[in-house]
K.L.:
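My questions will all concern the structure given below.
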Amino acid sequence: MEDFNEKIGWKRRILIVDDEEINREILGNILQDRYDVFYATDGKKAMEMLGDKNSDFSLILLDLLMPVMDGFEVLDLLQGDEVLKHVPVIVMTSEKTAEVKSIKHGAYDFITKPYDMPEVILARCERIIELNEGKSIIRAAEKDELTGLYTREFFFEYIRRFEHIASEQAMDAVVLNIDHFHMINEMYGREVGDRVLCSTAQTLTEMFGGETFIASRTDADSFYLYMNHRENYEGVFDGLQDELSHLTHLPRIRFRIGICQDAEKTLPAENRFDHAKLACDQIRGDYTRQISYYNKEDNDRELYGERLINDMENAIRNGDFIVYYQPKFDIRSDTPHLRSAEALIRWNHPQLGMISPGSFIPLFESNGLIQKLDRFVWEEAAGQIRKWKEEYGIAVPVSVNVSRIDIYDPELENRLAGLVEKNGLTPGELMLEITESAYADNARGLIETVNHLRERGFKIEMDDFGSGYSSLNMLTTIPIDVLKLDMKFVRNMHKDEKSLKLVELIIDIAGFFGVPLVAEGVEDEEQFKTLKEMGCDVIQGYYFSKPVPAEEFGKFVEEEKRRRDAIC
Ligand code: C2E
Ligand code: CA
Ligand code: CA
């Protein structure tokens with residue numbers, strides 16, 4: 001341990017508790033070269049100093065007779081404390097009888113007053129500290145036997161000591177993991193695996209030993225490195241890879257490296273290394289990246305995502321999900337009129353407030369939870385069509401979104417048909433939006449499903465047309481009933497002539513295939529007018545209305561009802 005403590009100039013701390021100044025001074029003089037000496041003038045003050053979590057004393061020299069709180073009381077309090085009872089105490093007394101009593105109260109040793117020769121006192125203190133630390137070393141090993149690096153426990157202890165005296169120095173937490181280490185073990189045997197670990201430890205120590213560097217090996221193939229801060233780690237570990245190939249004669253060994261840069265020291269080192277490990281884990285399996293920096297925003301986002309995943313099922317049960325409806329207006333005649341609606345989910349989270357689908361749909365798509373949510377929306381939407389029918393006497397078709405994973409559900413057709421039947425609807429009233437990219441994913445399976453659904457009378461809309469990988473060729477093979485132009489075309493429409501032409505072209509294509517075209521994301525009159533002139537059939541967008549709750553949507557149904565009545 002000596003080498004490290006000396007290297008960083010760290011001194012053990014001793015607390016002298018004595019009410020007489022002369023005694024404090026004598027002892028202080030003897031010990032101060034070798035130790036960091038602190039003083040207390042009575043037992044109560046001593047306990048206050050010891051109570052500070054960072055006090056970290058290696059030895060207490062304790063007078064017995066003191067005002068306020070005497071030495072015996074201090075001994076008893078120390079014995080009763082799980083942490084402090086491990087700090088050795090030397091009692092200073094002039095009474096022979098008190099010696100035995102103090103040992104019974106937990107003291108380690110005693111020094112008689114008047115004091116012995118300074119060298120004797122110093123030697124006694126040193127010996128007791130050593131003995132006591134020896135005891136704790138028996139409890140935990142300092143070095144990893146294989147690599148000679150610190151064990152996890154000592155690693156963090158040394159960081160703590162270092163930061164005690166150099167809290168201002170900018171330091172990084174680096175976690176380096178050997179990729180597929182178990183494969184090396186399996187392919188070449190454990191001995192070779194061990195050699196890789198030892199060579200890594202040795203090379204790292206050679207590379208960084210000249211700076212402040214504390215290293216540990218944990219979890220078999222991970223190296224925790226506490227090292228000087230660097231703005232950029234590009235190339236910093238390149239030498240390691242070359243040296244390892246040279247030392248082990250193995251094909252190129254890959255590392256993954258996660259770094260938490262110069263985080264606040266108020267955050268415990270363990271947490272900083274957790275962050276570095278998280279960054280390291282994030283690039284597992286990503287062969288394009290070797291280094292990953294911990295980033296608070298990424299981490300927060302991940303935690304937020306986990307929370308949403310955990311809360312989702314409860315939220316369905318508690319009614320925190322609400323379906324909104326956005327009207328689609330038919331613009332072919334002089335006065336636009338309501339044609340249908342799109343059901344769009346909203347999450348009113350009791351703690352997090354309104355959450356937009358952009359934050360949870362992609363998340364739920366990635367883990368399959370979306371299926372549950374979609375079924376909920378379909379059920380709500382089907383029930384809503386029925387309610388409007390009952391209330392206003394007209395049918396407003398509602399489109400629901402069908403996620404790509406739903407397509408693989410063998411029960412999809414029956415499920416939808418069941419909903420239609422249960423609510424007394426025709427299949428054409430519950431329309432299905434399937435995003436264009438799903439067609440590219442699984443063209444054959446999807447075509448089959450879509451064919452079956454259409455045979456049963458469902459209408460299929462291709463959502464986000466033009467956003468991804470659609471080829472025009474696909475339109476000749478895929479049976480669809482409506483094309484929904486991706487929003488970005490409308491957004492860019494008036495930016496340049498080419499974009500405008502493109503929209504016109506897509507409208508013509510829809511016409512060629514004989515399917516209506518819905519333009520989404522129409523926000524202003526200019527867009528509306530241009531689209532109308534170009535022959536677009538249907539418009540969905542803020543220009544007419546944002547998605548609104550079902551009750552609010554009632555006004556559109558009522559108006560449409562009035563229009564139809566007027567025609568009759
Ligand atoms: P989407 O299916 O393309 O839905 C259209 C999105 O455009 C909706 O966003 C709608 O609010 C928004 N929008 C409509 N008009 C305008 C406009 O004029 N300007 C702008 N800037 N935006 C407009 P929302 O509701 O946030 O939904 C986003 C996406 O989340 C949807 O895109 C859809 O992919 C997904 N989503 C929403 N609800 C569901 C659902 O129930 N199931 C599934 N699977 N996905 C859903
Ligand atoms: Ca949609
Ligand atoms: Ca869309």
Side-chain angles (χ1 to χ4, degrees), residues 305 308-317 319 321 323 325 340-345 347 357 360-386 395 397-465 467-471 473-484 513 515 518:
L308 297 188
I309 289 169
N310 284 334
D311 291 353
M312 185 260 193
E313 300 208 19
N314 258 335
I316 291 195
R317 247 174 275 133
F321 283 108
V323 180
Y325 298 86
S340 58
E342 177 175 6
L344 293 156
I345 189 83
W347 187 348
F360 58 86
I361 297 280
L363 190 70
F364 294 166
E365 274 172 344
S366 68
N367 64 13
L369 276 180
I370 190 70
Q371 269 188 300
K372 274 206 175 133
L373 199 62
D374 280 347
R375 285 174 204 163
F376 166 80
V377 176
W378 302 343
E379 214 158 291
E380 289 284 304
Q384 192 57 55
I385 303 171
R386 189 195 70 226
V398 173
S399 310
V400 292
N401 289 284
V402 176
S403 303
R404 43 162 65 68
I405 189 169
D406 296 321
I407 316 270
Y408 296 94
D409 173 11
E411 282 304 304
L412 178 68
E413 286 169 55
N414 290 337
R415 218 180 275 286
L416 291 167
L419 275 179
V420 164
E421 198 184 337
K422 183 174 128 192
N423 290 287
L425 314 179
T426 63
E429 287 164 1
L430 186 68
M431 298 171 69
L432 310 174
E433 294 193 6
I434 303 176
T435 185
E436 175 207 73
S437 52
Y439 289 81
D441 277 0
N442 169 26
R444 197 173 305 153
L446 191 124
I447 291 173
E448 209 171 293
T449 310
V450 165
N451 274 335
H452 288 152
L453 287 166
R454 291 182 85 230
E455 279 162 21
R456 289 212 181 190
F458 287 101
K459 299 269 181 269
I460 310 293
E461 300 181 54
M462 189 193 264
D463 202 357
D464 311 320
F465 180 69
S467 64
Y469 315 89
S470 62
S471 73
N473 190 34
M474 224 160 62
L475 291 178
T476 61
T477 51
I478 295 175
I480 50 159
D481 301 284
V482 177
L483 263 188
K484 280 190 88 172
F513 285 103
V515 293
V518 179

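Numbers here are sequence positions counted from 1.
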K.L.:
Measure the acute angle between the ring planes of Trp347 and Phe364, then classify it against the limits of 30° and 60° as parallel, tilted or perpendicular.
P.N.:
tilted
K.L.:
I would like to know whether Phe376 and Val323 meet side-chain contact (heavy atoms from CB on, under 4.5 Å); could you show each step before the answer?
P.N.:
CA-CA 9 Å; Phe376 166 80; Val323 180; 4.2 Å; yes
K.L.:
Do Glu342 and Lys484 sit within salt-bridge range, that is, some charged N less than 4.0 Å from a carboxylate O?
P.N.:
yes
K.L.:
Indicate yes or no: at least one non-hydrogen side-chain atom of Met312 is less than 4.5 angstrom from one of Leu308.
P.N.:
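Heavy-atom side-chain distance check fails, nothing below 4.5 Å.
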K.L.:
Looking only at non-hydrogen atoms, find the nearest pair between Ser399 and Glu461 and report the distance.
P.N.:
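It is OG-OE2, 2.5 Å.
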K.L.:
Does a side-chain heavy-atom distance below 4.5 Å link Leu432 with Val400?
P.N.:
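When only atoms from C-beta onward are counted, Val400 and Leu432 do touch, with a gap below 4.5 Å.
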K.L.:
With side chains defined as the heavy atoms from C-beta onward, is the minimum distance between Asn401 and Val377 less than 4.5 Å?
P.N.:
no
K.L.:
Taking all atoms of both residues into account, what is the closest heavy-atom pair of Ala438 and Leu446, and its distance?
P.N.:
O-CD1, 3.8 Å
K.L.:
Of the non-hydrogen atoms in Ala381 and Tyr325, which two are nearest, and what is the gap between them?
P.N.:
CA-OH, 3.6 Å
K.L.:
Find out whether Val402 and Asp374 are in side-chain contact, i.e. whether some heavy atom of one side chain is under 4.5 Å from a heavy atom of the other.
P.N.:
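No - every pair of side-chain heavy atoms lies 4.5 Å or more apart.
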K.L.:
Can you name the closest pair of heavy atoms from Ile447 and Pro479 and give their distance?
P.N.:
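Nearest pair, atom of Ile447 first, then Pro479: CG2-CD, 4.3 Å.
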K.L.:
Between CD1 of Ile370 and NZ of Lys372, what distance do you get to the nearest 0.5 Å?
P.N.:
12.5 Å
K.L.:
May I have the step-by-step check of side-chain contact (heavy atoms from CB on, under 4.5 Å) for Ile345 and Phe360, ending in yes or no?
P.N.:
CA-CA 10 Å; Ile345 189 83; Phe360 58 86; 3.8 Å; yes
K.L.:
With side chains defined as the heavy atoms from C-beta onward, is the minimum distance between Ile385 and Pro397 less than 4.5 Å?
P.N.:
no
K.L.:
Any side-chain heavy atom of Val482 sitting closer than 4.5 Å to one from Lys459?
P.N.:
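They are not in side-chain contact.
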K.L.:
Report yes if the side chains of Phe458 and His452 come closer than 4.5 Å at any heavy-atom pair, otherwise no.
P.N.:
no
K.L.:
Would Arg375 and Asp409 pass as an ion pair if we require N to O under 4.0 Å?
P.N.:
yes
K.L.:
Can you tell me how far the CD1 atom of Ile480 sits from the CD atom of Glu433, to the nearest 0.5 Å?
P.N.:
12.0 Å
K.L.:
Rounded to the nearest 0.5 Å, what separates atom CG in Asp463 from atom CG in Leu483?
P.N.:
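Asp463 atom CG to Leu483 atom CG measures 10.5 Å (nearest 0.5 Å).
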K.L.:
For residues 421-432, which residue pairs qualify under salt bridge (charged side-chain N to carboxylate O under 4.0 Å, His left out), counting only residues two or more places apart or in two chains?
P.N.:
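Matches after skipping sequence neighbours: Lys389-Glu429.
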K.L.:
Taking all non-hydrogen atoms of both residues into account, name the closest pair between Pro357 and Pro362 and its distance.
P.N.:
O-CD, 3.6 Å
K.L.:
Return the CD to CD distance between Glu411 and Gln371, rounded to the nearest 0.5 Å.
P.N.:
11.5 Å
K.L.:
Could you check if a side-chain atom of Glu313 sits within less than 4.5 angstrom of a side-chain atom of Leu369, using non-hydrogen atoms only?
P.N.:
yes
K.L.:
Give, for atom CG of Asp464 and atom CD1 of Ile434, the distance between the pair rounded to the nearest 0.5 Å.
P.N.:
12.0 Å
K.L.:
When rounded to the nearest 0.5 angstrom, what distance separates CG in Asn414 from CG in Leu419?
P.N.:
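It comes to 11.0 Å.
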K.L.:
Does one side chain, of Arg317 or Asn314, offer a donor that lies under 3.5 Å from an acceptor on the other?
P.N.:
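Short answer, yes.
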